[in-house]
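It should be emphasised that the depicted structure is a prediction, and the values quoted were computed from it without experimental measurement. Just follow the structure's listing: the first ligand is 1, and inside any ligand the first atom is 1.
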Amino acid sequence: MCTGLRFTDPEGNLYFGRNLDVGIDYGKKLIITPRNYPLPYKFLDDSKTVKATIGMGIVMDDYPLYFDCCNEDGLCIAGLNFPHYAQFSDGPVDGKTNLAPYELMMWVTQEFSSVAEVKQALKNVNLVNKALIDSLPVAPLHWLISDQHEAIVLEQSRQYGLRVFENHLGVLTNSPDFAWQMTNLCNYTGLTPHDAKPQTWTKQNIIPLGVGTGSIGLPGDSVPASRFVKASYLNANYPTVEGETANVAKFFNILKAVAMVKGSVVNVKGKYEYTVYTACYSAKTKTYYYNLYNDFNLHSCQLTDEQINSNKLIVMDA
Ligand SMILES: C[C@H](CCC(=O)NCCS(=O)(=O)O)[C@H]1CC[C@H]2[C@@H]3[C@H](O)C[C@@H]4C[C@H](O)CC[C@]4(C)[C@H]3C[C@H](O)[C@]12C
């Protein structure tokens, strides 16, 4: 399971990140791709990076395979599992901008500075079923893409092809598709942070006892639909707060509420699903914050001018 999240503070600064929930640790690293790094593409001409990018991922064949990342202009993208739905074409399609799914993150962060630009370019994109190396599986993902102004979801499925959704909630989880999650959300319009009202049923007075009666029915289980509703409800109702410390705390507090605790879910491989890390990028200070399942210290890495202008990948143990 995974949950992606974004919101802005009262000044419009973006906070973006995710829970990465899996049964194994992929050996994640904190990776900074500087400007001027030579990037091999499968379907586009090789090029040098132009925007420094920071995020979590692994490096393979000198290629940064990000799980989530943000560029120096504050454009961010996270990949979340989209099993049973994600489908990519067998080969490139003539006349399209063909990309392998693993290339999407670098294409977005290198070519663009805003979601508006990405939306325009996505009109001609086709995702091709190709991994970086043939021995790697192609991850069946969909993506949350955001800047300080807006967020979108990108999905490519057998039934609908490539679709882009406006995402006003700032939340993404897993399957089924985003349109389904939005319809399902309509079942929860009764939820309110305020206490339920007293009622009289067949002459019997019933009064709400204690706090939280307005949100009875807020899901607490781990399926993607439940995490989608819960994270959306919390993101919508969490008060706006001032300053980086309080906004980063807000981010981690919301994601903590949909995090996976070992033992609650055993996946098909017999492994405990757990929140391997939680990350939040602050676009204002260009800082990537994260904590780990067994380490609640708040780690952070701020993009420096030196890193931005280096020409080597900077790979740090997370
Ligand atoms: C498993 C991760 C997503 C976690 C998630 O959404 N879990 C939900 C489970 S469920 O739906 O609810 O069942 C995804 C996110 C990013 C993925 C990785 C990135 O795409 C980078 C490479 C891409 C390669 O093709 C495969 C390995 C890989 C290193 C991917 C492994 C794995 O699929 C990752 C780590």
*Closest by any non-hydrogen atom to atom 29 (C) of ligand 1: pick that one out of I58, N81, L65.*
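Minimum heavy-atom distance to atom 29 (C) of ligand 1 goes to I58.
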N/O of [X] under 3.5 Å from N/O of ligand 1, yes or no?
{"X": "N174", "value": "yes"}
{"X": "Y102", "value": "no"}
{"X": "P224", "value": "no"}
{"X": "Y26", "value": "no"}

Show the atoms of ligand 1 that are less than 4.0 angstrom away from any heavy atom in [X].
{"X": "A139", "result": "20 (O), 25 (O), 33 (O)"}
{"X": "V22", "result": "1 (C), 4 (C)"}
{"X": "L80", "result": "6 (O)"}
{"X": "D21", "result": "4 (C), 5 (C), 7 (N)"}
{"X": "G79", "result": "15 (C)"}
{"X": "P137", "result": "24 (C), 25 (O), 26 (C)"}

*Do Y66 and Y102 have their ring centres less than 6.0 Å from each other?*
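No; Y102 has its ring centre 6.0 Å or more from that of Y66.
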Report yes or no: does [X] contribute a side-chain atom to a donor-acceptor pair with the main-chain N or O of [Y] at less than 3.5 Å?
{"X": "Q120", "Y": "E117", "value": "no"}
{"X": "Q156", "Y": "L127", "value": "yes"}
{"X": "D147", "Y": "V115", "value": "yes"}

*Give the C-alpha distance, both sets of side-chain angles, the deciding distance and a yes or no for salt bridge (Lys or Arg N to Asp or Glu O under 4.0 Å) between E150 and R6.*
CA-CA 9 Å; E150 58 182 320; R6 61 84 72 190; over 6 Å; no
*Tell me whether the guanidinium CZ or amine NZ of K130 lies under 6.0 angstrom from the six-membered ring centre of F88 and within 45° of its axis.*
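Ring-cation test returns no.
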*asked:* According to a hydrophobic-cluster definition based on side-chain heavy atoms being under 4.5 Å apart (Ile, Leu, Val, Met, Phe, Trp, Tyr only), do L154 and F228 belong together?
replied: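 No, no single cluster joins them.
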*Min heavy-atom dist P83 to ligand 1 below 4.0 Å*: yes
*Going by distance alone, is a donor N or O of one side chain under 3.5 Å from an acceptor N or O of the other, for Q148 and T8?*
no
